[in-house]
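To start, the structure itself, in C-alpha cells.
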Amino acid sequence: MRQIGGENVTEKKNTFPSLEELASRCYENDKIDMQLYTEYDVKRGLRDQNGKGVVVGLTNISTIYPEKIVNGKKVPGCGELRYRGIDIEELVNGFVSEGRFGFEEVAYLLLFGNLPSEKHLVDFQEIIASRRTLPSDFVRDVIMTAPAASIMNSLSRSILTLASYDEYADDVSIENVLNQSLDLIAVFPLLAVYAYHAHNHYGNGGSMYIHQPKEGLSTAEAILMMLRPDQKYTHQEAQTLDMALVLHMEHGGGNNSTFTTRVVTSSGSDTYSTIAAALGSLKGPKHGGANIKVTQMMEDLKATVKDYSDEEAVREYLVNILDKNAFDKKGLIYGMGHAIYSDNDPRAAIFKRYVSKLAEEKGEEAQAEFDLYRLVERVAPEVIMEKRKMYKGVSANIDFFSGFVYNMLGLPQELYTPIFAIARIVGWSAHRIEELINSQRIMRPAYKEVSEDRHYEALDER
C-alpha cells in the first residue's frame, strides 16, 4: 500500500511488456532483406562494393589517394594524403626539419588554404594561445557539475553550453563562424583535460588538477602540461603528441564525423550544434574509438602470449581472433585495414618513426612492446589475406600505433578519443567554412521505401 493525497491506494502490479519484448518488435518490423540493397543498387554506407566512397561533394581541403598508379600499374605501398595539395610526408618533414611543432602551422594551412609566412605563423600562434581560456566559473559550474565517465559526452555538453555565452551563437556569417572556430580550436584541450580531471576526482577518488596553460606553449605541450601533476614533459613526448595531432587533424570530407559536420552545416545550424554532432559521430567505436580497441586487444595478446618474440604464437593468436575464438570474439584484428587505403596508410608510416623514438626514450620495456607491435603489424596482414576474401590489400592504420603512444605518454584511455577530437576540430572547422561558402542547399539524400501499403485497422480488430 502507498498513500496518495491522504488515501491508501493499492499499487497495481506492473504488467508492462519488458524492454526485450518491445525490442523484439523493432527487430521484427525494421529488418530489411539485404538482397534489396543489391536489387535497388543502394550503396550501403555510401560505399560501392569495392569499398570506394560515393562522391557526394567537392573539397579543396584534403585529398586521399588510396594508391598510386604509374603507367597504368599500381605502385605498392604508396597511399597518399595531401593537406591543401601538399603531401603529408613533405609537410611533416618541412616543419620538423626546421625545428618546429606543427599543429598551429598545419591548422593555419587547413583553415586558410596556404602555408603561413613567419609573421602569419607567429600571429596565429598568439591568437590560439590568447584564446586558451574559458568563461568565468565555467570549470566549476559546467565541467565539474555531473562529470561523466565519457569525456566525449562531457565535451559535447561543454560545447553546447558555450553557446549560452555567445550572443552571436546563431550568426553563420563566415567572419563569425571563423571566430567561433578559432575559439573552439583553442579551448578543446582545456575542455577535454579538465573534464578528465573532474571525472577522475569525483568518479575515481583521484586528485584533481586545473592548470592554466602557460603562454608560448604549443597545443601538444599545453595538453601534457595540463594533464600532469608536475606539469613536466620531454621534447620527444611533446613532439610525438604533436605529430599525432597533425596526422589526425584532417582526412577528407567523407569520414563520418566530417560528413556529419557538412550535413548539419548544410541545414543552416549554428557552430556549437554542428560540432556537438561531429563529436557524437567521432565517439563511435567504428570511428574515433578504434585506438582503444587496439590497446585492449594488445593487452589481451600480452596476457595470452608470454614470449613477445614467438612469431608462431602471435600468429596463432591472430588466427584465433579471426575465428572469433579470442579477445572480444568479433573476428576483427583492430588497427588493421582502412576503408580507403589499400596496402599503406601514409599516416601510420610517418607516425611509426616517432613511436620508435619515444619507445627508445622510455626504455627497454617500451622497446620490447614496440617490437611486438611491429611483429603484429607484419603478421596480421598475412593472416587476414589467408583467412579472408579481400578486394584490396590490408595494412596497419594510424589507430594501430596511436593507443600505444598515448599509453607511453601516460594518457588515460578516457582521453584517447578526445585527443582525436582536439586534432579533428581543425578539419571540421575548415570543412564547415567551405560548406558555408560553396553550398546553398541542404543535404537530403533519398531512401527507397520497401514496405508494403496497408490500411488502418480499428482497435478492436487488431
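Here the structure is a predicted model, which means the values were calculated and not measured.
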Between [Y] and [X], is there a side-chain donor-acceptor contact under 3.5 Å, judged purely by atom types and distance?
| X | Y | value |
| --- | --- | --- |
| Y354 | D242 | no |
| S257 | N255 | yes |
| D166 | Y272 | yes |
| R432 | T265 | yes |
| T219 | R132 | yes |

Are more than 12 heavy atoms from other residues, nucleotides or ligands located less than 6.0 Å from atom CG of L58? no
Using side-chain heavy atoms (C-beta onward) and a distance below 4.5 Å, is [X] in contact with [Y]?
| X | Y | answer |
| --- | --- | --- |
| N325 | K329 | no |
| I210 | V193 | no |
| E435 | S266 | yes |
| R262 | T59 | yes |
| S429 | L111 | yes |

Salt bridge [X]-[Y], side-chain N to carboxylate O under 4.0 Å:
| X | Y | answer |
| --- | --- | --- |
| E311 | R315 | yes |
| E237 | R228 | yes |
| E360 | K362 | no |
| E377 | R374 | no |
| D230 | K232 | no |

Closest heavy-atom pair and its distance - H120, Y108: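 Heavy-atom minimum between the residues: ND1-OH, 3.5 Å.
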Would you please test H235 and F101 for ring pair (Phe, Tyr, Trp, His ring centres under 6.0 Å) and show each step? CA-CA 10 Å; H235 175 78; F101 293 112; 5.5 Å; yes
Only counting residues at least two apart or in another chain, list the ones meeting salt bridge (Lys or Arg N to Asp or Glu O under 4.0 Å) with K43.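 K43 satisfies salt bridge (Lys or Arg N to Asp or Glu O under 4.0 Å) with D41, D48 once adjacent residues are dropped.
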Sequence neighbours left out, what passes ring pair (Phe, Tyr, Trp, His ring centres under 6.0 Å) with H199? Give chain and number order. none
